[in-house]
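The structure under discussion appears below in the form of structure tokens.
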Amino acid sequence: MSTILVTGGAGYIGSHTVIELVKAGYDPIIFDNFCNSKPAVLARINKICGKNIPFVVGDIRIREQLEAVFNNFKIDGVIHFAGLKAVGESVQKPLEYYDNNVNGSRMLLSVMKQYNCKNFIFSSSATVYGEPDVVPITEQSPVKRANCPYGQTKVDVEYMGEELQKADPEFSIVLLRYFNPVGAHKSGLIGEDPKGIPNNLMPYLTQVAVGKLKELSIFGNDYPTKDGTCIRDYIHVVDLALGHVKALDHCLNKAGVHIYNLGTGVGYSVLDMVNAFSKAIGYELPHKFAARRPGDVVQCYADPKKAKEELGWEAKLNLDDMTADSYNWQKNNPNGYED
Ligand code: NAD
Ligand code: UFG
């Protein structure tokens, strides 16, 4: 049984992944500073798992706090979710993003090396492909300079991991490039809990559906796509979590750099999402067309073949599961995790 440190394990994707790790027989330890999550999630995770998962309150940028965890546990591998993720905020606060995401990852890798822990799985993003030249996007597609500080921190940490692996070939560095995670655990106990008005499409849709927000603004309907709205590869967060388990099964102690797209391979437009959501709630979700959002790529969806062939992983849940589970979470928790 392997012990896995999950940085950012109290967050949206981390919390779902902890549950799937336990189901698969791994021993996760949650490490989080709660800068974008709430301690209330821990009891929910424990309830779903039927046991108490060890957790440590700490910041990945503080060496002593990381060392304390490595002193107390024999850690076999790290799944690194901890980071800041709001594109717009990163433009306003680039130094905070480089500090948290790049310096934080550097500190984590440095402590891992110190303790001879050489299995690292990183939460990267399809944002590293920028505006892709060809869709669906394979792992061979070029990584581009990002158009915002958030995206650039993902590019930078990918490179840092690759350079470290060259210098210390015992490292197993896994770069998982997520497409658009949505949905929530079937229980309705855990889900995405954004602060303030959501930036992302799915939490915005769910908040309109429960009446917290008036209507969705669709950013642009004059793109060169089938209905003029942008296309994304939405993936259920539980499928994404299972992708991490498969990546661990396959890559633990397998030295090298391993890069996988985690997406479904299917692209849906914003209007497809509105229609699917309207179907789930039984009436037309209020929406209007608005100006394009600067920086949006037109279409972005994965070729997920490599993950299927090498990891034996593919997304199983469909758009109806994604909308139903997101809505269920929002309905059960209109104010997210209350303190
Ligand atoms: P999230 O904000 O819900 O989770 C991140 C967690 O990390 C939070 O609990 C936060 O408190 C914690 N954290 C942040 N900085 C920390 C620090 N310095 N020390 C300790 N803990 C810290 O975000 P998420 O949606 O679960 O995303 C997880 C990871 O996946 C992030 O790295 C994100 O950039 C990446 N990612 C997310 C998406 C997405 O759309 N959600 C897409 C691609 C990649
Ligand atoms: N959208 C709207 N109205 C909204 C919110 C979003 O029309 O209120 C549209 C966007 O314009 C876009 C689509 O819905 O066309 C999806 O937008 P999201 O913000 O949900 O997702 P993005 O693909 O823009 O961004 C996501 C992550 C980023 C990451 C990026 C690339 O949120 O962190 O994917 O991987 F950088």
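Start at 1 and go down the list; that is how both ligands and their atoms are numbered. Note that this is a predicted model, so its numbers are computed, not measured.
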Taking the non-hydrogen atoms of [X], is any one of them nearer than 4.0 angstrom to ligand 2?
X      : result
Phe179 : no
Gly151 : no
Tyr223 : no

Taking the non-hydrogen atoms of [X], is any one of them nearer than 4.0 angstrom to ligand 1?
X      : value
Glu192 : no
Asn180 : no
Gly58  : yes
Gly104 : no

Would you mind running through ligand 2 and noting each atom that sits below 4.0 Å from a heavy atom of [X]?
X      : value
Leu216 : 3 (N), 4 (C), 8 (O)
Ile218 : 7 (O)
Val270 : 7 (O), 9 (C), 13 (C), 14 (O), 15 (O)
Asn199 : 5 (C), 19 (O)

What is the closest protein heavy atom to atom 35 (O) of ligand 2, and at what distance does it sit?
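Its nearest protein heavy-atom neighbour is Ser125 OG, 2.6 Å.
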
To check your reading of the model: name the closest protein heavy atom to atom 16 (C) of ligand 2, its residue, and the distance in Å.
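For atom 16 (C) of ligand 2, the nearest protein heavy atom comes out as Tyr234 OH, 3.5 Å.
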
Which bit of Phe34 gets closer than 4.0 Å to ligand 1, counting heavy atoms only: side chain, backbone, both or neither?
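Within the 4.0 Å criterion, Phe34 contacts ligand 1 through backbone atoms alone.
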
Does His80 approach ligand 1 within less than 4.0 angstrom via side chain, backbone, both or neither, non-hydrogen atoms only?
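It is neither; nothing of His80 touches ligand 1.
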
Using distance alone, decide if ligand 1 has a nitrogen or oxygen within less than 3.5 Å of any nitrogen or oxygen in [X].
X      : value
Ile60  : yes
Ile13  : yes
Ala10  : no
Gly8   : no
Gly11  : yes
Ser125 : no

For [atom], which of the options [options] provides the nearest non-hydrogen atom?
atom                    : options                      : answer
atom 21 (N) of ligand 1 : Asn33, Ile30, Thr153         : Asn33
atom 5 (C) of ligand 1  : Pro194, Ser15, Ser124, Gly83 : Gly83
atom 8 (C) of ligand 1  : Thr7, Val87, Asp32           : Asp32
atom 15 (N) of ligand 1 : Val6, Val237, Leu66, Asn100  : Asn100

Flag [X] as yes when one of its N or O atoms lies below 3.5 Å from any N or O atom of ligand 2, and as no otherwise.
X      : value
Phe219 : yes
Arg293 : yes
Tyr178 : no
Cys230 : no

Taking the side chain as everything from C-beta on, heavy atoms only, tell me whether Thr153 gets closer than 4.5 Å to Tyr98.
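Touching, per the 4.5 Å side-chain cut-off.
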
With a 4.0 Å heavy-atom cut-off (strictly under), which part of [X] contacts ligand 2: side chain, backbone, both or neither?
X      : value
Asp296 : side chain
Cys300 : neither
Val297 : neither

Under 30°, 30 to 60°, or over 60°: which ring-plane class applies to Tyr97 and Tyr150, parallel, tilted or perpendicular?
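If you compare the ring of Tyr97 with that of Tyr150, the planes turn out perpendicular.
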
Would you check if there is a donor-acceptor pair between the side chains of Ser124 and Glu158 at a distance under 3.5 Å?
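There is such a pair between these side chains.
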
Relative to Phe179, does Arg232 satisfy both conditions: NZ or CZ under 6.0 angstrom from the six-membered ring centre, and within 45 degrees of the ring's axis?
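The answer is no, since Arg232 fails at least one limit relative to Phe179.
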
Does Tyr327 have Lys331 sitting over its ring (NZ/CZ under 6.0 Å from centre, angle to axis within 45°)?
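Satisfied, under 6.0 Å and within 45°.
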
Give the minimum heavy-atom separation between Gly130 and Val297, together with the two atoms involved.
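Gly130 and Val297 have their closest heavy atoms at O-CG1, 3.7 Å.
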
Check for me whether the distance between the ring centres of Tyr260 and His244 falls short of 6.0 Å.
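So the answer is no for these two rings.
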
Does Pro304 offer a backbone N or O that forms a donor-acceptor pair with the side chain of Asn261 under 3.5 Å?
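Such a contact is absent between Asn261 side chain and Pro304 backbone.
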
